[in-house]
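Note that the structure is a prediction, hence the values are computed from the model and not measured.
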Amino acid sequence: LHFLCPKLLLPENGPSMQIRTQNLAATMRSFLRSARGNVAMMFAIALIPLMIGAAAGLDFARGMLVRQQMSEALDAAALAVGSSTGLNQTSAQTLAQQYFNANFTVDTSAYGVPTVSIPSGGYNSTGSVQLSATDNMPTVLMKLAGITSLPISTTSTVVWGQTKLW
């Protein structure tokens, strides 16, 4: 301990406990006032929010990739429903889910299982279909900050039978 606190080097028949306590307090005050090593301490303190920000960026990038795959699979499902005739709301929902599952190639054990839905009034057998897909993607690194899932959603609308597009 003598190499850390030279003021604590005391002879065997040294000063009283009060003087030793005063020396220890003086050493602690000088340690707290010391500016040496502040860069390392500041870096360590700043590293925590930097790591949380990097983790959030990685999980958001994963979420955007999943959303893009969901959007592509949902577009295929909407086109399949739109090109099929004689469907009602229930059969359109079933067909949309089947096409979505066939085209969604993301590992559902790692990224969650999206649900496809047709909102009420979202299917009109003579002109349009609107589909939506939602997923709660489990996070990997944001769990450290207490965020366990990331909500992802996308919609797709297909309209057919129009002769003028403008």
Side-chain angles (χ1 to χ4, degrees), residues 4 28-166:
L4 292 176
M28 294 310 272
R29 278 192 299 274
S30 69
F31 175 75
L32 291 174
R33 281 190 232 127
S34 175
R36 295 176 15 207
N38 271 349
V39 173
M41 182 184 66
M42 292 296 189
F43 180 75
I45 291 171
L47 191 61
I48 295 168
L50 286 173
M51 293 302 290
I52 290 172
L58 288 172
D59 277 336
F60 278 120
R62 289 177 60 237
M64 293 308 295
L65 290 172
V66 170
R67 184 178 180 276
Q68 181 254 340
Q69 288 285 327
M70 280 176 47
S71 183
E72 289 177 7
L74 196 64
D75 287 345
L79 288 171
V81 171
S83 65
S84 300
T85 57
L87 299 176
N88 60 22
Q89 179 89 11
T90 305
S91 59
Q93 170 71 38
T94 304
L95 184 65
Q97 187 69 53
Q98 289 171 347
Y99 270 87
F100 181 85
N101 291 343
N103 288 290
F104 188 65
T105 59
V106 174
D107 180 16
T108 56
S109 64
Y111 295 99
V113 179
T115 56
V116 177
S117 63
I118 300 176
S120 64
Y123 177 71
N124 178 356
S125 62
T126 60
S128 68
V129 63
Q130 179 182 4
L131 300 176
S132 65
T134 58
D135 185 17
N136 277 325
M137 184 190 82
T139 59
V140 174
L141 298 171
M142 287 175 40
K143 286 180 185 176
L144 300 173
I147 301 170
T148 59
S149 66
L150 188 64
I152 301 170
S153 65
T154 185
T155 60
S156 181
T157 303
V158 172
V159 178
W160 60 90
Q162 292 185 340
T163 55
K164 282 184 121 177
L165 297 177
W166 60 88

With distance as the sole test, does Ser91 use its side chain to make a donor-acceptor pair with the main-chain N or O of Leu87 at under 3.5 Å? no

Show the nearest heavy-atom pair for residues Ala145 and Ile52, with the distance to one decimal. CB-CG2, 4.3 Å

Under 6.0 Å from the OH atom of Tyr123, do we count more than 12 heavy atoms belonging to anything else shown? yes

How far apart are the closest heavy atoms of Gly112 and Pro114, and which atoms are they? O-CD, 3.4 Å

Could you tell me the separation between the CD atom of Gln68 and the CD1 atom of Ile152, rounded to the nearest 0.5 Å? 11.5 Å

Between CG of Leu74 and CZ of Phe104, what distance do you get to the nearest 0.5 Å? 10.5 Å

Just by distance, do the side chain of Ser128 and the backbone of Asn124 share a donor-acceptor pair under 3.5 Å? no

Return the minimal non-hydrogen interatomic distance between Thr134 and Ser153, and the atom names on each side. CG2-CB, 3.8 Å

For a quick test of reading the model, state the closest non-hydrogen atom pair linking Thr115 to Gln97 and the distance between them. C-OE1, 4.5 Å

Residues forming a side chain to side chain contact (heavy atoms under 4.5 Å, CB included) with Ser117, sequence neighbours excluded: Gln93, Ser132

For the residue pair Ile118 and Gln130, what are the closest heavy atoms and their distance? CG2-O, 3.6 Å

By salt bridge (Lys or Arg N to Asp or Glu O under 4.0 Å), Arg62 pairs with (sequence neighbours left out) Asp59

Show your reasoning for whether side chain to side chain contact (heavy atoms under 4.5 Å, CB included) applies to Val159 and Thr157. CA-CA 7 Å; Val159 178; Thr157 303; 4.2 Å; yes

Side-chain donor-acceptor contact under 3.5 Å, Thr105 with Gln69: yes

If you round to the nearest 0.5 Å, how far is CG of Leu79 from CG of Asn103? 10.0 Å

Please report the interatomic distance CE(Met137) to CZ(Phe60), rounded to the nearest 0.5 Å. 9.0 Å

Which pairs with one or both residues in residues 137-147 pass salt bridge (charged side-chain N to carboxylate O under 4.0 Å, His left out), sequence neighbours excluded? none

With side chain to side chain contact (heavy atoms under 4.5 Å, CB included) as the criterion, how do Ser149 and Thr139 come out once you've worked through the C-alpha distance, each side chain's angles and the decisive distance to 0.1 Å? CA-CA 5 Å; Ser149 66; Thr139 59; 5.5 Å; no

How long is the straight-line distance from OG of Ser156 back to CG of Leu131, given to the nearest 0.5 Å? 6.0 Å

Within this structure, what is the CE-OG distance for the pair Met64 and Ser71, rounded to the nearest 0.5 Å? 10.0 Å

Result of checking Leu150, Val66, Val113 against Asp135 for side chain to side chain contact (heavy atoms under 4.5 Å, CB included): Val66

Ignoring hydrogens, what is the shortest heavy-atom contact between Val81 and Ala92? Give both atom names and the distance. CG2-O, 3.6 Å

